[in-house]
Amino acid sequence: MRIPTAIKLHKASKVLELHYASDEQYRLDAEFLRVHSPSAEVRGHGTPVLQHGKLGVALTGIEPVGQYALKLIFDDGHDSGLYSWDYLHQLARDHDRLWAEYLAELERAGKSRDPSESLVKLML
């Protein structure tokens with residue numbers, strides 16, 4: 001289990017910073033964390049639910065959950081995902097690949113990161 005030695009929430013930049021004993025340091029933005037929430041709302045019950053319109057979402061708080069996870073609280077009201085230490089490290093380590101996959105999935109679904117924007121595909 002990879003447990004961070006320091007965790008910093010930067011509210012202005014909407015970033016969660018994680019430091020590890022091995023001198024690893026990661027910065028995960030709130031939108032990335034929100035769309036990859038381990039909650040049932042996002043993971044679904046066997047079928048993941050694509051999150052969209054989360055551009056600009058912010059983290060308003062973090063709470064430790066026992067010795068194994070963090071509860072992240074977002075300004076869109078989402079607070080039900082428990083981010084285990086292993087899951088947080090996986091998100092950090094695989095950030096670039098996961099983000100690229102998410103953006104591709106949004107495009108395939110005709111969805112946008114922008115909450116004030118709806119995409120329409122024309123079938124000509």
Side-chain angles (χ1 to χ4, degrees):
M1 182 169 15
R2 302 293 309 269
I3 300 174
T5 55
I7 301 166
K8 297 177 185 176
L9 173 56
H10 300 277
K11 288 186 178 184
S13 62
K14 302 176 184 176
V15 167
L16 184 69
E17 188 174 318
L18 304 169
H19 294 258
Y20 292 89
S22 59
D23 288 334
E24 290 175 273
Q25 179 179 331
Y26 300 100
R27 294 174 58 86
L28 302 173
D29 66 73
E31 180 186 8
F32 175 79
L33 290 164
R34 176 63 178 85
V35 302
H36 287 93
S37 172
S39 69
E41 173 191 332
V42 175
R43 295 258 174 120
H45 298 284
T47 305
V49 178
L50 179 62
Q51 302 296 296
H52 57 90
K54 300 302 177 187
L55 180 67
V57 72
L59 279 163
T60 59
I62 55 176
E63 298 174 0
V65 178
Q67 298 291 319
Y68 68 95
L70 289 180
K71 177 181 178 178
L72 301 183
I73 302 162
F74 297 88
D75 67 355
D76 67 352
H78 184 73
D79 66 357
S80 61
L82 299 182
Y83 294 74
S84 71
W85 300 130
D86 286 337
Y87 186 60
L88 274 172
H89 189 258
Q90 176 192 352
L91 288 176
R93 186 189 63 228
D94 298 336
H95 175 276
D96 293 345
R97 178 183 59 80
L98 292 170
W99 188 246
E101 289 172 358
Y102 170 70
L103 294 176
E105 192 173 350
L106 274 180
E107 186 174 333
R108 278 192 301 275
K111 303 288 184 184
S112 173
R113 293 173 55 209
D114 188 338
S116 63
E117 181 178 289
S118 293
L119 299 178
V120 176
K121 287 187 178 181
L122 298 176
M123 307 301 270
L124 303 173

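One is the number of the first residue; the rest follow in order along the sequence.
- When all heavy atoms are compared, the tightest approach of Arg43 to Tyr87 is NH2-CE1, 3.0 Å.
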Show the numbers, then the answer: is there a salt bridge (Lys or Arg N to Asp or Glu O under 4.0 Å) between Glu101 and Arg108?
CA-CA 11 Å; Glu101 289 172 358; Arg108 278 192 301 275; over 6 Å; no
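- Rounding to the nearest 0.5 Å places OG of Ser80 at 11.0 Å from CG of Leu72.
- Atom OG of Ser84 is separated from atom NE2 of His89 by 11.5 Å, given to the nearest 0.5 angstrom.
- Pairing each heavy atom of Ser22 with each of Arg2, the nearest pair is OG-NH2, 3.1 Å.
- Expressed to the nearest 0.5 Å, how far CG of Leu18 lies from CH2 of Trp85 amounts to 8.5 Å.
- Residues His78 and Ser39 come closest through the heavy atom pair CE1-OG, 3.1 Å.
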Step by step, would you call Tyr26 with His95 a ring-ring contact (aromatic ring centres under 6.0 Å, His included)?
CA-CA 9 Å; Tyr26 300 100; His95 175 276; 9.3 Å; no
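- Here the straight-line distance linking atom OH of Tyr102 with atom CD of Glu31 works out to 5.5 Å at 0.5 Å rounding.
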As a quick check of understanding, evaluate side-chain contact (heavy atoms from CB on, under 4.5 Å) for Glu41 and Val49, giving each step before the final call.
CA-CA 7 Å; Glu41 173 191 332; Val49 178; over 6 Å; no
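- Put simply, Leu9 and Tyr83 are part of the same group of oily side chains (I, L, V, M, F, W, Y) that touch within less than 4.5 Å, one to the next.
- One hydrophobic cluster holds both Leu50 and Leu91 under the rule that ILVMFWY side chains link at heavy-atom gaps under 4.5 Å.
- For the pair Arg93 and Tyr20, the NZ or CZ position fails the cation-pi test of under 6.0 Å to the six-membered ring centre and within 45 degrees of the ring normal.
- Note that the OG1 atom of Thr60 and the CZ atom of Phe74 stand 9.0 Å from one another [nearest 0.5 Å].
- We find the OG1-CG distance between Thr5 and Asp23 to be 8.5 Å, quoted to the nearest 0.5 Å.
- In the hydrophobic clustering of ILVMFWY residues, with side-chain heavy atoms under 4.5 Å counting as a link, Met1 and Leu82 come out apart.
- The two residues Ile7 and Leu16 come nearest to each other via the heavy atoms CG2-CD1, 3.7 Å.
- Trp99 and Leu33 fall within the same hydrophobic cluster, where Ile, Leu, Val, Met, Phe, Trp and Tyr residues are linked whenever their side-chain heavy atoms come under 4.5 Å apart, directly or through other members.
- Between the side chain of Asp29 and the main chain of Phe32, a donor-acceptor pair closer than 3.5 Å is present.
- Considering every non-hydrogen atom in both Asp75 and Gly56, the closest pair reads OD2-O, 4.4 Å.
- Contact check for Pro115 versus Leu55: side-chain heavy atoms found under the 4.5 Å cut-off.
- Nearest heavy-atom pair across Gln51 and Val35 is CB-CG1, 3.9 Å.
- A chain of hydrophobic side-chain contacts below 4.5 Å, direct or via other Ile, Leu, Val, Met, Phe, Trp or Tyr residues, connects Val57 to Leu103.
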